[in-house]
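Read the structure below first, then the notes.
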2 protein chains.
Amino acid sequence: MTEHYPEEDRIFELLQALNKGICPKFERCAGISPTRLRLLNELFQVDEVSQITLQKGMDIDAAAVTRHLKGMEESGTITRRNNPADNRVTLVSLTDQGRERMIQYSEEKRRFVATLLTGFNGQERTVLIDMLNRLQSNINLL
Amino acid sequence: MTEHYPEEDRIFELLQALNKGICPKFERCAGISPTRLRLLNELFQVDEVSQITLQKGMDIDAAAVTRHLKGMEESGTITRRNNPADNRVTLVSLTDQGRERMIQYSEEKRRFVATLLTGFNGQERTVLIDMLNRLQSNINLL
DNA sequence: ATATATTAGTTGACGGGTCAATGATTATCA
DNA sequence: TGATAATCATTGACCCGTCAACTAATATAT
């Protein structure tokens, strides 16, 4: 036991500050929130998905998905319809506009992430990924 | 240019997932939100601070501070009074209860962070801090 | 065949953050 | 001195997430 509280605390603070910094900046740069872009990404890779399938691929709850999709429907990036084979489920798909926007957003994201990782060489990136994965695992133990 | 989009994206996703994981777990384990504990921490190190000073030390805005303090006042961990020398400012201080609780919360936090960093030796922690700092700097460029 | 359970989605209330507008107080300066 | 500006705190409206309650539809089991 070597008494490194300050160092541990520093990491904790940094992780929080980082998250707090990243999301708003991303939204400002890319013109869309990370979550919505992830939704678009999922939708981009299929023709049509049920809302529940979509939701399970994200780490947000069903209510949040409903509200995002409602907003995205109003802004014309997606469409929704009932599944005739099962009236509980609603099927979601990207509009053509949605596909176009998704491509532009992705480009913005690529730029954003490139800037975020400025100065990190390949090996450092690998180390970082490894460490973040380990932190994630440690959290899951709680 | 070596085309490492997936790796870059992975880091971006991991950072977000991590934040989303840490906060709720922390709150469940420690019994208080990270932000409120940081408020308590600031207050712990002084007799009395003006709300504005307190706010500037945190990375949240004045409205959020007002609401947190209001809640903490009701739950008896802090008290507030007007500064007689300047009626715009309100002075905040921890109650005795608040100091006691703060100590307990800190212990929970210590445990939490220790678990979070399980498996990280001293050198790795240093590397991690360095990397997180660099990410933070990169964000600030945007 | 019907009662019961499960599933999908929506809504409302809440916590935690933002921004913008407001009120009250104090500073500034012409 | 008296108008104007700056400062501190609060409030309201919004975004984004949670959970819990509810509806509607389908599955299950007796």
Side-chain angles (χ1 to χ4, degrees), chain A residues 16-40 48-75 78-93, chain B residues 15-40 48-75 77-93:
Chain A
Q16 290 188 252
L18 214 47
N19 267 43
K20 255 203 106 202
I22 286 180
C23 279
K25 291 272 184 176
F26 180 85
E27 194 151 357
R28 211 172 51 71
C29 292
I32 193 175
S33 78
T35 297
R36 287 213 177 178
L37 185 48
R38 282 194 310 124
L39 275 168
L40 290 183
E48 208 172 29
V49 215
S50 71
Q51 203 163 310
I52 183 73
T53 304
L54 192 54
Q55 186 248 310
K56 282 181 179 156
M58 315 268 309
D59 55 342
I60 56 178
D61 89 338
V65 170
T66 292
R67 284 161 190 144
H68 278 300
L69 293 182
K70 200 184 295 185
M72 293 160 75
E73 193 173 26
E74 279 168 12
S75 68
I78 65 159
T79 43
R80 293 194 293 169
R81 67 184 185 100
N82 273 10
N83 183 349
D86 182 343
N87 273 301
R88 288 170 303 184
V89 349
T90 90
L91 298 171
V92 189
S93 57
Chain B
L15 283 171
Q16 291 190 252
L18 214 46
N19 267 45
K20 256 204 103 202
I22 286 181
C23 280
K25 290 273 184 175
F26 180 85
E27 193 151 356
R28 210 171 52 69
C29 292
I32 193 174
S33 78
T35 297
R36 288 212 175 178
L37 184 47
R38 281 194 311 123
L39 276 168
L40 290 184
E48 209 174 27
V49 214
S50 72
Q51 204 163 309
I52 184 71
T53 304
L54 193 53
Q55 185 248 310
K56 283 180 179 153
M58 315 270 307
D59 55 342
I60 58 178
D61 88 338
V65 170
T66 291
R67 284 161 188 143
H68 277 300
L69 293 182
K70 199 184 294 184
M72 291 160 73
E73 194 172 27
E74 279 169 12
S75 69
T77 62
I78 65 159
T79 43
R80 292 193 293 169
R81 67 185 184 101
N82 273 9
N83 183 348
D86 182 344
N87 273 302
R88 288 172 302 184
V89 349
T90 89
L91 298 171
V92 189
S93 57

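By convention in this document, chain letters (A, B, ...) are assigned in the order of the sequence lines, proteins followed by strands, and residues within each chain are numbered from 1.
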**Study point:** Gap between atom CZ of B/Arg67 and atom CD1 of B/Ile60 - 0.5 Å precision
**Key:** 11.0 Å
Practice item. Return the value, rounded to whole Å, for the distance between atom CD of A/Gln51 and atom P of C/dT11. Key: 11 Å
Practice item. With heavy atoms under 4.0 Å as the rule, sort A/Thr66 into base, sugar-phosphate or nothing. Key: base
Check your understanding: Going from CG on B/Asp59 to CD on A/Gln16, what distance comes out if it is rounded to the nearest 0.5 angstrom?
Key -> 8.5 Å
Review point. In whole Å, what is the span from the CE atom of B/Met58 to the P atom of C/dG17?
Key: 8 Å
Point to revise | Residue-phosphate contact under 4.0 Å: B/Asn87 side-chain N/O, C/dT26 OP1/OP2 | key: yes
Check your understanding: Counting side-chain heavy atoms from C-beta on, which of C/dG9, C/dT11, C/dG17 comes nearest to A/Lys20?
Key -> C/dG17
Exercise for review: Report the residue (A/Val89 or A/Ala64) whose heavy-atom-nearest nucleotide on DNA chain C is the more 5′ of the two.
Suggested key: A/Val89
Revision key, fill the gap. In terms of heavy-atom contacts, B/Ile78 and B/Leu69 come closest through CD1-O, 3.5 Å
Check your understanding: For B/Ser50 and B/Arg67, take the nucleotide of DNA chain D holding the closest heavy atom to each; which residue's nucleotide lies nearer the 5' end?
Key -> B/Ser50
Point to revise | Earlier contact from the 5' end, DNA chain D, for A/Arg88 and B/Val65 | key: B/Val65
**Study point:** C/dT10 phosphate, OP1 or OP2, under 4.0 Å from A/Arg80 side-chain N/O
**Key:** yes
Practice item. Measure from CD on A/Glu27 to C1' on C/dT18 and round the result to the nearest Å. Key: 11 Å
Point to revise | Rounded interatomic separation in angstrom, taking CD1 from A/Ile52 and P from C/dG9 | key: 6 Å
Check your understanding: Nearest to the side chain of B/Ser33 - C/dT10, C/dT6, C/dG16?
Key -> C/dG16
Review point. Is B/Gln51 reaching over with its side chain to a backbone N or O of B/Val89, donor-acceptor style, under 3.5 angstrom?
Key: no
Revision key, fill the gap. Double-helix bend of the helix from C/dA1-D/dT30 to C/dA30-D/dT1, axes at both ends from 5 pairs, round to 10°, gives 0°
Review point. Does the side chain of A/Lys70 get closer than 4.0 angstrom to OP1 or OP2 of C/dT11 through an N or O atom?
Key: yes
Check your understanding: Out of curiosity, B/Arg38 CZ to B/Leu54 CG, how far, rounded to the nearest 0.5 Å?
Key -> 10.0 Å
Exercise for review: Taking heavy atoms of chain A and a 4.0 Å limit, find me the 5'-most and 3'-most nucleotide of DNA chain D within that range.
Suggested key: D/dC16 to D/dT26
Point to revise | Residues A/Arg88, A/Ile52; criterion side-chain contact (heavy atoms from CB on, under 4.5 Å); working and verdict | key: CA-CA 10 Å; A/Arg88 288 170 303 184; A/Ile52 183 73; over 6 Å; no
Check your understanding: So, for A/Arg80 and A/Lys70, which heavy atoms are closest and what is the spacing to 0.1 Å?
Key -> NH2-CA, 4.1 Å
Practice item. Look up atom CG in B/Leu39 and atom OG in B/Ser33, then write down how far apart they are to the nearest 0.5 Å. Key: 8.0 Å
Practice item. Would you mind classifying the nucleic acid contact of A/Asn82 as base, sugar-phosphate or nothing, using non-hydrogen atoms under 4.0 angstrom? Key: nothing
**Study point:** B/Met72 CE to C/dG16 P, straight-line distance once rounded to whole Å
**Key:** 11 Å
Check your understanding: Does A/Gln55 use its side chain to pair, donor to acceptor, with the backbone of A/Asp61 at less than 3.5 Å?
Key -> no
**Study point:** Nearest-angstrom distance from the residue atom CD of B/Gln55 to P of C/dC19
**Key:** 11 Å
Practice item. Have a look at B/Asn83 and say if it touches a base, only the backbone sugar-phosphate, or nothing, with a 4.0 Å heavy-atom cut-off. Key: nothing
Review point. Across the strands shown, which category fits B/Asp61 at heavy-atom distances under 4.0 angstrom: base, sugar-phosphate, nothing?
Key: base
Practice item. Work out which heavy atom in A/Phe26 is nearest to a heavy atom in A/Leu37; give both atom names and the distance. Key: CZ-CD2, 3.7 Å
